[in-house]
Amino acid sequence: LPWYFAPKWLIITSPLHIIIGALAIPFGFMQKISDYPRKMLTPFVFVFLTFLIPLLCVILGRQNLYDNCRQLLFILPPLISCAAAALGKIISFQKNKKVIIAIYAVGGLLLLQPAAWMIKYHPLQSLYFSPVIGGNKGAFKQYEMDYWGFSVKPAIDWLAKNAQNATPQKPARVRLWYGDQLKIKYCIDKHPNLTYVYDPHGDYIYSSNWDYSIILLSETKYNEALLANWPPENTVHQIMAGGAPACAIVKAGRKKRPEPPPAPEIDTSALELQLAGNPSESGYINLSAIYHNNGDFINCILAGRKALKLT
């Protein structure tokens, strides 16, 4: 991973008030170290190091981080505490009450943005992206947004209300290819007009045993064509977060998968001629494999017998 992976993810998934507070830390402590009481400075340094040391260990050690920087979320509370202390110190420098009121007003407005987002898009709070990159719209197709599959539950709830002709007697069959199968089954079991089915095929066009498929946006890391052509074919609804899709609900389309084209027959004449003048065990093994792939099973057996004779 590049050294900036963890810092970048911490920035793009943090609201503006945390980013501004972090930038304010050096400005809040611009005086000489000796000017600060020890009782104040020692706790601050200790808390700040609980943020800085793990981050440096990850950066300098090039540690693996899987699916954004969720392994480093524990360093955010110390950072926020230090940012709050720094902002408090900056405010204490101010003598003008209007400036102090303006700082509090701006801080309050900055707090409203993520708070309103969390309320509006519940239960998808973990999909939040910072306005620094344009929010979720800016993150769409650029960063993995829903690794844990939190959008599965809203998708199932929507299907329970909108699945066509789905009744407890004849429930709609729903599948999820990428993601935790226990999660989707748990959500589906709460709705009598839906039933869970398993389909191991990764495509979303052909359906042999399902009526609806939930396609997570995270699935596109295995399928670039799916990302380029989002939303998928036959999409009936998308679960949105911050103006960007988290998953799509796809209705079953074609039922039968086409047969794969037959493999082209490989010419064996050159290898046969070579083995006639210089027979070898490995050569006849390769020849036997080629006969097998060509569907010539009689010659496959004969070449295999010649290989055995040469062992």
Side-chain angles (χ1 to χ4, degrees), residues 4-37 39-56 58-59 68-70 72-146 150 240-246:
Y4 56 82
F5 182 87
K8 181 178 181 180
W9 268 96
L10 288 173
I11 292 171
I12 68 175
T13 55
S14 295
L16 286 175
H17 63 272
I18 294 180
I19 298 173
I20 293 173
L23 294 175
I25 291 176
F27 297 98
F29 296 89
M30 293 179 65
Q31 295 172 297
K32 293 180 181 179
I33 296 296
S34 58
D35 294 340
Y36 292 96
K39 290 183 178 180
M40 174 188 176
L41 192 59
T42 301
F44 176 85
V45 171
F46 177 79
V47 173
F48 185 73
L49 289 177
T50 61
F51 156 77
L52 185 61
I53 291 176
L55 182 59
L56 287 177
V58 169
I59 293 174
N68 65 56
C69 63
R70 55 194 171 89
L72 284 176
L73 292 180
F74 71 93
I75 69 174
L76 283 179
L79 175 64
I80 295 169
S81 300
C82 292
L87 289 172
K89 197 67 179 174
I90 291 173
I91 292 172
S92 70
F93 295 154
Q94 299 297 324
K95 305 300 181 183
N96 190 324
K97 289 187 176 180
K98 291 184 178 179
V99 174
I100 295 175
I101 292 172
I103 292 174
Y104 280 118
V106 171
L109 290 174
L110 291 176
L111 286 169
L112 284 177
Q113 189 270 335
W117 199 98
M118 300 295 170
I119 294 170
K120 181 177 180 180
Y121 295 108
H122 174 78
L124 304 177
Q125 288 89 341
S126 66
L127 276 63
Y128 177 87
F129 278 85
S130 175
V132 168
I133 61 165
N136 289 60
K137 288 183 179 179
F140 179 56
K141 292 190 176 184
Q142 302 297 322
Y143 304 99
E144 186 167 18
M145 298 173 62
D146 189 18
F150 288 108
M240 308 293 289

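Nothing here was measured: the structure is a model prediction, and the numbers come from that model.
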Between the CD1 atom in Ile19 and the OG atom in Ser130, the distance rounded to the nearest 0.5 Å is 3.5 Å
Value for CD1 (Ile11) from CG (Leu16), rounded to nearest 0.5 Å, stands at 11.5 Å
Output for pair (Ile75 CD1, Thr50 OG1), nearest 0.5 Å, gives 9.0 Å
So NE2 of His17 and CG of Leu87: to nearest 0.5 Å the spacing works out to 10.5 Å
Separation between CD1 (Ile80) and CZ (Phe51), nearest 0.5 Å, reads 10.5 Å
Sequence neighbours excluded, the answer for side chain to side chain contact (heavy atoms under 4.5 Å, CB included) partners of Ile59 is Trp3, Pro7, Leu55
Here the salt bridge (Lys or Arg N to Asp or Glu O under 4.0 Å) pairs for residues 94-110, sequence neighbours left out, are none
Report yes if the side chains of Ile25 and Leu79 come closer than 4.5 Å at any heavy-atom pair, otherwise no. yes
Residues at least two apart in sequence or cross-chain that pass ring pair (Phe, Tyr, Trp, His ring centres under 6.0 Å) with Tyr143, listed by chain then number, are Trp9
The side-chain hydrogen bond (donor to acceptor under 3.5 Å, both in side chains) partners of Gln94 (sequence neighbours excluded) come to none
*Report yes if the side chains of Trp117 and Leu112 come closer than 4.5 Å at any heavy-atom pair, otherwise no.*
no
- Query: If you count the non-hydrogen atoms of other residues, nucleotides and ligands that lie under 6.0 Å from CZ in Phe74, is the total more than 12?
  - Reply: yes
The complete set of salt bridge (Lys or Arg N to Asp or Glu O under 4.0 Å) pairs with one or both residues in residues 124-145, sequence neighbours excluded, reads Glu144-Lys221
*Taking side chain as C-beta onward, heavy atoms only, is Val132 less than 4.5 Å from Ile12?*
no
- With the side chain counted from C-beta on, respond yes when Phe48 and Ile53 share a heavy-atom pair under 4.5 Å apart, and no when they do not. no
Which pairs would a plain distance check flag for residues 120-128, meaning a side-chain donor or acceptor within less than 3.5 Å of a matching protein atom at least two apart in sequence or in another chain?
{"unit_1": "His122", "atom_1": "ND1", "unit_2": "Gln125", "atom_2": "NE2", "d": "2.9"}
{"unit_1": "Gln125", "atom_1": "NE2", "unit_2": "Met118", "atom_2": "O", "d": "3.4"}
{"unit_1": "Tyr128", "atom_1": "OH", "unit_2": "Gln113", "atom_2": "OE1", "d": "2.7"}

Rounded to the nearest 0.5 angstrom, the CD1-CZ distance for Ile133 and Phe140 is 13.0 Å
